[in-house]
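Just so it is clear, the values below take in all heavy atoms, side chains as well, and ignore hydrogens, waters and symmetry mates. Positions are given from 1 along the sequence. Here the structure is a predicted model, which means the values were calculated and not measured.
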Amino acid sequence: MKNILVTGGTVFVSKYITEYFVSKGYNVYVMNRNTKQQVEGVNLIECDRHNIGDKLKNIYFDVVIDVTAYDKEDINDLTSALGSFGKYIMISSSAVYPETENQPFVEESKLGLNKFWNKYGTDKIDAEKLLHDTVPDAYILRPPYLYGPMNNVYREAFVFDCALQDRPFYLPKDGQMELQFFHVKDLSRFIEQIIETEPVNHIFNVGNRDTISIKKWVEMCYACVGKKLKCVNIHEEIEQRNYFSFYDYEYYLNVDKQYEIMKEITPLEEGIKEAYEWYCNNSTEVKKKPFFEYIDKYFEQSI
C-alpha cells in the first residue's frame with residue numbers, strides 16, 4: 001500500500017483527489033489546519049503549510065500531490081519539510097501562459113504575465129520554477145477550468161441557480177466564446193496514471209480536447225435542471241465578471257500529451273450532471289457571488 005500525501009484535502013480539488021485515492025486503497029495522508037471536516041479514512045497531519053516543523057520528516061511518502069502550491073514560498077516550505085519521498089506532482093494552472101502567445105498553448109509555450117490572471121499566474125510560474133530547481137523530476141499539471149462534484153467556485157452552480165429560479169440567463173455577447181474544461185475525476189485519474197506509468201514527459205497540459213461555447217455550456221446546465229434556456233444577450237461594454245462566472249478570455253490548451261496516456265475522458269454532459277447531483281445536496285459549500293444582485297440592479301430595470 002503506497003503512502004500518498006495530499007496538501008489540503010478538505011475543499012474541491014484536494015478533497016476530491018483525497019477521496020479518490022482513499023477509494024483506490026492508498027494510504028492517504030492529508031496536511032491541513034483541521035478547520036473543516038476531514039475525508040473519512042485519511043491520516044491527518046494538522047499544521048499550517050508554512051509552519052510544518054518536523055511532522056513530515058519521519059514519514060516516507062511514495063507520492064506527494066501538491067494541490068495548494070500557489071507561490072514559491074509554498075514550494076520551499078513543503079519541500080524543505082519533507083523527508084524522503086518518491087514522486088512529486090504539482091497542480092499548476094493554465095494561467096501561466098500569456099494571453100498574447102499563439103494558441104493552442106503547448107507545454108513548451110512561453111510562460112509569462114497573463115493580464116486576466118495577473119499575480120495568480122506569475123506566482124504559479126515562480127512556484128513551478130522553484131519546484132523544477134528543487135525536485136527536477138517532479139510532475140507539473142496545467143489544467144484549464146476544473147469542474148465537477150465538490151466545486152465550491154460559483155460557476156456551474158450559478159447557472160443551476162438561474163435555472164432553478166426560472167430566470168433567463170444573461171449571456172455575454174453572442175454566447176460563442178469558447179471554454180475548455182476538465183473534470184476533477186479525470187484529473188485524479190491522470191494523477192494515478194502518472195503514478196503507475198511514470199511517463200517521460202514531466203509537464204502536462206490537461207483538459208478535455210474539445211472546447212464548448214458558453215451558450216452550449218449554459219444550455220447543458222439548464223437541461224440538468226430540466227429547464228430550457230432562455231437567454232438575454234448582453235452587448236454592453238461592461239465587465240462580464242459582474243454577472244458571469246468567467247473572464248472575457250478565450251483560450252485553448254493542446255492536451256495531446258495527456259491523451260497519449262489517458263484516452264478516455266468524462267463526457268461534459270455527464271460531468272455536468274454529476275456536478276448538479278452533488279450541488280442539490282451540498283449547495284451551502286459553494287462560495288456564491290452577488291451576480292443576481294448585479295443583474296437585478298443593472299439589467300432587469302432596462303428590459
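Under the 6.0 Å cut-off for aromatic ring centres, F160 and W278 do not qualify, their centroids lying 6.0 Å or more apart. Ring-centre distance between F158 and F244: not below the 6.0 Å cut-off. Aromatic rings of F299 and Y294 (six-membered ring for Trp) have centroids within the 6.0 Å cut-off, being under it. Ring centroids of Y251 and Y97 are separated by 6.0 Å or more, keeping the two rings apart.
For C280, the side-chain contact (heavy atoms from CB on, under 4.5 Å) partners two or more places apart in sequence, or in a different chain, are Y276.
Between the side chains of D74 and H50, at least one donor-acceptor pair of N or O atoms lies under 3.5 Å. Side chain to side chain, N151 and E156 meet the donor-acceptor criterion of an N or O pair below 3.5 Å. S109 and E101 form no side-chain donor-acceptor contact under 3.5 Å, judged by distance and modelled atom types alone. Using modelled atom types and a 3.5 Å distance limit, the side chains of N3 and N27 yield a donor-acceptor pair.
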**Q.** Steps toward salt bridge (Lys or Arg N to Asp or Glu O under 4.0 Å) verdict (D174, K215)
**A.** CA-CA 8 Å; D174 60 0; K215 183 177 182 180; over 6 Å; no
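No side-chain donor-acceptor contact under 3.5 Å links Q103 to the backbone of F105.
More than 12 heavy atoms of other residues, nucleotides or ligands lie within 6.0 Å of CD in E196, so this atom counts as buried by the packing criterion. For K289, the NZ atom counts as loosely surrounded, since its 6.0 Å shell holds 12 or fewer non-hydrogen atoms of other residues, nucleotides or ligands. When the shell of 6.0 Å around NZ of K173 is examined, it contains 12 or fewer heavy atoms from other residues, nucleotides or ligands. Heavy-atom contacts from other residues, nucleotides or ligands closer than 6.0 Å to NZ of K87 number more than 12. Applying the 6.0 Å contact sphere to NE2 of H202 captures more than 12 heavy atoms from other residues, nucleotides or ligands.
Between R209 and D256, at least one side-chain nitrogen of the basic residue sits less than 4.0 Å from a carboxylate oxygen of the acidic one, meeting the salt-bridge criterion. With respect to the salt-bridge test (charged N to carboxylate O, under 4.0 angstrom), the residues K228 and D166 do not qualify. A salt bridge does not link K124 to D71: none of the charged nitrogens lies less than 4.0 Å from a carboxylate oxygen. Residues R142 and E107 are not paired through a salt bridge, judged by the lack of any N-O separation under 4.0 Å between the basic side chain and the carboxylate. Using a 4.0 Å cut-off between charged nitrogen and carboxylate oxygen, K227 and E219 do not count as a salt-bridge pair.
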Could you pull out every donor-acceptor pair under 3.5 Å between side chains of residues 265-272 and any protein atom, sequence neighbours left out?
{"unit_1": "T266", "atom_1": "OG1", "unit_2": "D186", "atom_2": "OD1", "d": "3.0"}
{"unit_1": "T266", "atom_1": "OG1", "unit_2": "D186", "atom_2": "OD2", "d": "3.2"}

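A cation-pi arrangement is absent between R155 and Y147, since the terminal nitrogen or guanidinium carbon is not both under 6.0 Å from the aromatic centre and inside a 45° cone about the axis.
Taking each heavy atom of I75 and A69 in turn, the nearest pair found is CD1-CB, 3.6 Å. For the pair P98 and L113, the tightest heavy-atom approach, listed with the atom from each and the gap, is CB-O, 3.5 Å.
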